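First the structure, in the form of structure tokens, and then the observations on it.
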There are 2 protein chains.
Amino acid sequence: MKLIKGKENKEVLIEREPIDVETFKRMIRQMGLKVTKQRVHILEAMSEGRAHITVQELYEKLQKTHPEIGFATIYRFLKNMTDHNLVTEVRMGGFPARYELTPNQHHDHLNCTNCGKIVEFENESIEELQESVARKFNFKLTGHVLELYGLCQDCQQE
Amino acid sequence: MKLIKGKENKEVLIEREPIDVETFKRMIRQMGLKVTKQRVHILEAMSEGRAHITVQELYEKLQKTHPEIGFATIYRFLKNMTDHNLVTEVRMGGFPARYELTPNQHHDHLNCTNCGKIVEFENESIEELQESVARKFNFKLTGHVLELYGLCQDCQQE
DNA sequence: ATAGTATTGATAATCATTTTCATTAATGGT
DNA sequence: ACCATTAATGAAAATGATTATCAATACTAT
Ligand SMILES: [Mn+2]
Ligand SMILES: [Mn+2]
Ligand SMILES: [Zn+2]
Ligand SMILES: [Zn+2]
């Protein structure tokens with residue numbers, strides 16, 4: 001598992017492979033949807049800059065270059081993508097949801113409650129223990145949310 | 001860790017000690033708040049019946065016996081309690097928050113996405129691994145959310 | 001290029017939660 | 001027990017995020 005610094009220095013991300021426009025279009029068609037410029041622009045915006053982004057942030061970012069894209073389109077498309085598992089919704093407490101292009105490698109998040117820094121991590125032992133808990137109660141596990149909260153090194157020093 | 005069936009048969013709970021009205025009043029005073037009948041009634045309602053309850057459910061339950069209690073009072077008091085760690089807020093996806101009187105023993109939840117059943121569990125190994133993840137990234141851990149989702153035995157058979 | 005259908009975006013609606021504010025109630029001192 | 005002080009309450013309005021509506025527009029297969 002290789003870790004890289006996010007572009008906003010507020011994220012430590014599991015390495016992602018860059019995605020080109022043709023792949024984006026293929027993804028849209030795979031969902032049985034039409035390829036529109038809005039959808040491509042949304043995917044482009046999500047693949048650049050902060051990996052975990054809110055709808056508001058995405059909207060403001062798109063405004064600059066494509067002011068014709070509306071909120072409804074962003075919400076609708078993100079829901080489509082989430083349903084098809086191409087986007088992962090991350091919820092921290094009662095805050096607005098953040099979305100990220102689903103990476104190949106599953107991971108969970110470590111969040112700094114002071115500065116908003118997000119660190120992605122993967123821990124196979126935790127995953128296995130979750131399975132064993134589900135087994136113990138005769139559940140068939142379909143998903144989980146594991147979010148760790150704390151203070152990053154920088155914020156501890158304040 | 002002893003497990004008991006919840007009163008609605010939709011919960012498997014870690015054993016809780018019953019709490020009497022005097023204790024409730026002490027809890028309220030400890031928070032630096034005045035003891036009002038509304039607050040005592042809210043605590044009583046939370047200690048009976050379903051352990052994980054939404055504000056809406058709590059309101060409807062209280063309506064029957066104390067129709068004078070308003071939504072705002074419930075929201076306000078639950079926030080007080082949550083801030084003082086006497087109540088724990090549980091968020092599942094985008095659904096309304098559920099609240100439970102904080103039990104002595106920390107635990108996480110296993111949720112059936114079909115019928116809403118909630119199973120409480122405690123896993124020391126997972127807790128330790130979470131600490132080790134935080135250490136690895138130089139975070140000071142202050143909390144976490146671990147929610148497992150799946151199908152309970154009954155719902156698998158449908 | 002056209003027809004047929006999906007998509008879009010402005011706006012209204014919804015849902016959970018918070019705030020406001022005039023009225024009421026709890027508490028500590030008499 | 002009686003006040004005076006100040007916090008608490010509840011009805012209603014406000015907010016914030018998300019979803020639904022619908023007439024206008026843009027894809028796409030022919
Ligand atoms: Mn992530
Ligand atoms: Mn619980
Ligand atoms: Zn920080
Ligand atoms: Zn079930």
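In this text the structure is predicted, and so the values were computed from the model without any measurement. To find a chain, count down the sequence lines: A is the first, B the second, and so on, and within it residues start at 1.
- Distance from the side chain of A/K79 is smallest to D/dT19 among D/dT19, C/dT18, C/dT17.
- A/I74 and A/Y59 get closest at one heavy-atom pair: CD1-CA, 3.7 Å.
- Between B/K37 and A/I74, it is A/I74 whose nearest contact on DNA chain C lies nearer the 5' terminus.
- Between the CE atom of A/M31 and the C1' atom of C/dA6 there is a distance of 14 Å, given to the nearest Å.
- The phosphate of D/dT19 has neither OP1 nor OP2 within less than 4.0 Å of any side-chain N or O from A/R76.
- Under the 3.5 Å distance criterion, the side-chain polar atoms of B/E100 are left unmatched by any main-chain donor or acceptor of B/H52.
- Between B/K25 atom NZ and C/dA26 atom P the separation is 11 Å, expressed in whole Å.
- An OP1 or OP2 oxygen of D/dA7 is reached within less than 4.0 angstrom by no side-chain nitrogen or oxygen of B/T36.
- Between A/I69 atom CD1 and C/dA10 atom P there is a gap of 11 Å when expressed in whole angstrom units.
- Residue order along DNA chain D, read from the 5' end via each residue's closest nucleotide, puts B/G70 first among B/G70 and A/Y75.
- Here the nucleotide nearest the side chain of B/A97, chosen from C/dT17, C/dT8, D/dA17, is C/dT17.
- At whole-Å resolution of the value, CG in B/L33 and P in C/dT27 are 11 Å apart.
- At a cut-off of 3.5 Å, with distance as the only test, a side-chain donor of A/D108 or A/H144 sits close to an acceptor on the other residue.
- When atom types are taken as modelled, the side chain of B/Q38 and the backbone of B/I69 share no donor-acceptor pair closer than 3.5 angstrom.
- Within the 4.0 angstrom heavy-atom criterion, no nucleotide atom of any strand lies near A/Q56.
- One interatomic measurement links the two molecules: CZ of B/F71 to P of C/dA16, which rounds to 9 Å at whole-angstrom precision.
- Distance from the side chain of B/A72 is smallest for C/dT19 among the nucleotides C/dT19, D/dA20, D/dA8.
- Regarding B/L78, its CG atom lies at a distance of 14 Å from the P atom of D/dG10, rounded to whole Å.
- For A/T73, whose side chain is taken as the heavy atoms from C-beta onward, the closest listed nucleotide among D/dA8, C/dG9, D/dA12 is C/dG9.
- Rounded to whole Å, atom C1' of C/dT8 lies 13 Å from atom CG of A/N80.
- Put simply, B/K34 has no side-chain N or O that comes within less than 4.0 Å of OP1 or OP2 on D/dT6.
- B/K10 places a side-chain N or O within donor-acceptor distance of the main-chain N or O of B/C115, the cut-off being under 3.5 Å.
- As rounded to whole Å, 17 Å separates atom P of C/dA6 from atom CZ of A/R29.
- Regarding contacts with the backbone of D/dA8, every side-chain N or O of B/Q38 stays at 4.0 angstrom or more from both OP1 and OP2.
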